[in-house]
Amino acid sequence: MKDEGNKTNINLLLQALIVGICTGIVVGLFRFGIETTSAFWLHLFQLAHQNPLWFIAIIVGFIAVAVIAGYFVKQYPHVGGSGIPEVKLQLQGKLTLQWFPILWRKLIGGILVIGTGLFLGPEGPSLQLGSTIGQGVGEGFKQNKLNTRVLLATGASSGLAAAFGAPLSGALFVLEEVFHNFSPLVWMNALAGAIASNFVVSNLFGLHHALAIPYNYSFPINLYWHLIILGVLLGLLGHLYKVGLFSLKKVYAKITFLPRWLHGLIPLALLIPIAYFWPLITGPGNRLILSLPNMITKTGWGLVGLLAFYYVMRIVFSIVAYDSGLPSGIFLPILTMGALIGATYGMFMVQLGLLPQRLVVNLVIFSMAGYFAAIIRAPFTAIILITEMVGSLLHLMPLAVVAFIALLVDELLGGKPIYGLLAAAMDTSSDRKANYTGEADQMVLPVYESSKLVDKKVADIKWPDDTRVRTIRRDGGEIIPTGQTIIRGGDMLVLEFDSSQRGRVYSKMKDLQGVELDG
């Protein structure tokens, strides 16, 4: 029996590697397409400086992009946006999607949209591309629903790893924010897929760090008070970003002169003057981040004002672009805004004589993690992600300080994880019982120390209807529970129910535990 289980796990691991390799190829194509189209549009704007007639080609091209990408979203609404909320709902059993129609539309639509220079990123779409591949591989190998979800999560981690060149972060983000399950089965397969996909894209694009910002000075302890102020600022601005993102959605909903699927024309129209006058700040933001070390070698209040202006442009226009519903993400734009906040604060303190100029680049790096932690609420991912992308371990302690403070400020303001909010807004599943399929499904849920289930007997808990606790995983072993079995903190509950009831069971267990399963 044990040998059979090991064989099943090995087969699943091999399939996870297939998911990682395929995701690496697809996301590699995605990245190449975005880089190529981005260079094309930047060249057209350069030509427009020499001859205004080129604006005709730009306008016609942008209209074509908006119509094509918008039509994809009209056909399959879940092609729009980053795709991360969709993956969360799929893993919760609250959303069912066809993988191939989403895959090719997201690939083409994302290339067209992100390549224009809108303040949008490829990382969320890369995660969804990977998840569709994982779903497709799971269905192709006729896996059960549990293993198909593991492969879907593996594809998501592979997609993010391929987009950032950060395999540890790809796997950790999916576990911390998307799958919410740190079981060995999920962790092993997610990491294997992420490594495989990163290996593929490393061969395509070379082995280098995505944000290789050079800096040679550790941040001194006596200046840590800057990190406290910066963390508070990042928490406040991160919360403001989330408020703005959901507020503008209501404005778009009131627009009647354009159908919803053509709302992409609005940010693309606004992009034309921005790309003409400030081409450096367009796109996901990696070019701007990499240019900051050179910019902050200068001094003067004019530079502080310019950096602040760039930040305001990025936050306003990224919200306008994302809320239009085009296929795109906010991952890298969030890091870019964080970097600008760090640069602006650092140069402000330099002008006041309160910070050595050589340490401003440190604040740029710390702020990316802090802003990410405040908005996405995945602090461990934030720390590891920036470490992998920058390629240095010098900053772990200050990174943790800034990320924790920013997260705490957002928590005090009543903030929630942005992808959880987006998923909740998208979730239209009913709590009513669906038609039973007669097919068994399983859910593995962790019992946190703060859970209401801790120290209670199985018989004393009002479980969701038609759900049974199949096993309890504890300390590397499995317990077949009886009514007298006491649940402990750190247990993993394996619940069994009809496959049609997964979303209902997930919601009931979230309420029953009394803690956020959503991270």
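Keep in mind that the numbers below use all heavy atoms, side chains included, and drop hydrogens, waters and symmetry copies. The structure presented is a predicted model; accordingly, all values stated were derived computationally and were not measured.
The nearest pair of heavy atoms linking Ala406 to Leu234 is CB-CB, 4.1 Å. Between Pro279 and Leu42 the shortest heavy-atom distance is CB-CD2, 4.1 Å. Shortest non-hydrogen contact noted between Gly342 and Ser367 is CA-OG, 3.0 Å. Here the shortest heavy-atom pairing between Ala66 and Leu265 reads CB-CD2, 3.4 Å. For Phe119 against Thr282, the heavy-atom pair with the smallest separation is CE1-CA, 3.4 Å.
The backbone N or O of Ile334 sits nowhere less than 3.5 Å from a side-chain atom of Arg314 that would complete a donor-acceptor pair. Judged purely by atom type and a 3.5 angstrom limit, Ser38 has no side-chain atom pairing as donor or acceptor with the backbone of Glu35. No side-chain donor-acceptor contact under 3.5 Å links Gln92 to the backbone of Tyr506. A donor-acceptor pair is defined here as one N or O able to donate and one able to accept, closer than 3.5 Å; no such pair exists between the side chain of Ser82 and the backbone of Gly124. Of the possible donor and acceptor atoms, one in the side chain of Thr336 sits under 3.5 Å from a partner among the backbone N and O of Pro284. Checking side-chain atoms of Lys88 against main-chain N and O of Glu177 turns up a donor-acceptor pair under 3.5 Å. Within the 3.5 Å criterion, the main-chain N or O of Ala163 finds no donor-acceptor partner in the side chain of Glu123. Put simply, the side chain of Asn51 never gets that close to the backbone of Leu47: no donor and acceptor are under 3.5 Å apart. One N or O on the side chain of Ser291 and one on the backbone of Leu288 form a donor-acceptor pair closer than 3.5 Å. Listed for the Lys242 side chain is a donor-acceptor partner under 3.5 Å among the backbone atoms of Lys416.
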| request: Kindly indicate, with the supporting measurements, whether the criterion side chain to side chain contact (heavy atoms under 4.5 Å, CB included) is fulfilled by Phe372 and Ile386. | output: CA-CA 10 Å; Phe372 184 98; Ile386 300 305; over 6 Å; no
| request: List the steps and the verdict of side chain to side chain contact (heavy atoms under 4.5 Å, CB included) for Gln143 and Leu12. | output: CA-CA 9 Å; Gln143 282 284 6; Leu12 187 62; 3.8 Å; yes
| message | For Thr116 and Thr37: C-alpha separation, side-chain torsions, deciding distance, then whether side chain to side chain contact (heavy atoms under 4.5 Å, CB included) applies. | response | CA-CA 7 Å; Thr116 60; Thr37 53; over 6 Å; no
| query | For Phe164 and Phe173, what are the C-alpha separation, side-chain angles and deciding distance, and is it a ring pair (Phe, Tyr, Trp, His ring centres under 6.0 Å)? | reply | CA-CA 12 Å; Phe164 275 133; Phe173 176 75; 9.2 Å; no
| task | Please test Asp323 against Val251 for side chain to side chain contact (heavy atoms under 4.5 Å, CB included), starting from the C-alpha separation and ending with a verdict. | result | CA-CA 10 Å; Asp323 280 348; Val251 177; over 6 Å; no
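For the residue pair Gln46/Gln50, the side-chain donor-acceptor check at 3.5 Å is not satisfied.
Tested against Tyr276, the residues Phe45, Trp41, Phe55 include a single ring pair (Phe, Tyr, Trp, His ring centres under 6.0 Å) partner, Phe55. Partner of Arg149 under the side-chain contact (heavy atoms from CB on, under 4.5 Å) criterion, out of Val186, Asp441, Asn144: Asp441 alone.
Annotation: Met188, atom CE; neighbour count of heavy atoms from other residues, nucleotides and ligands within 6.0 Å does not exceed 12. The local environment of CZ in Phe246 is crowded, with over 12 non-hydrogen atoms from other residues, nucleotides or ligands closer than 6.0 Å.
Expressed to the nearest 0.5 Å, how far CD1 of Ile376 lies from CG of Leu407 amounts to 12.0 Å. Leu89 contributes atom CG, which lies 5.5 Å from atom CG of Leu95 (distance to the nearest 0.5 angstrom). Here the OG-CZ distance, from Ser126 to Phe331, works out to 10.5 Å after rounding to the nearest 0.5 Å. Rounded to the nearest 0.5 Å, atoms CG (Asn189) and OG (Ser158) are 10.0 Å apart. To the nearest 0.5 Å, atom CD1 of residue Ile341 and atom CG of residue Leu230 are 8.0 Å apart. Residue Ile330 holds its CD1 atom at 8.0 Å from OG of Ser318, rounded to the nearest 0.5 Å.
Residues Phe30 and Lys106 have side chains not in contact (no heavy-atom distance under 4.5 Å, counting atoms from C-beta outward). Side-chain contact between Val73 and Pro327: present, with at least one pair of heavy atoms (C-beta onward) separated by less than 4.5 Å. Between Leu268 and Leu118 the shortest side-chain heavy-atom distance falls below 4.5 Å.
Residues meeting the ring-ring contact (aromatic ring centres under 6.0 Å, His included) test with Trp278, sequence neighbours left out: Phe309.
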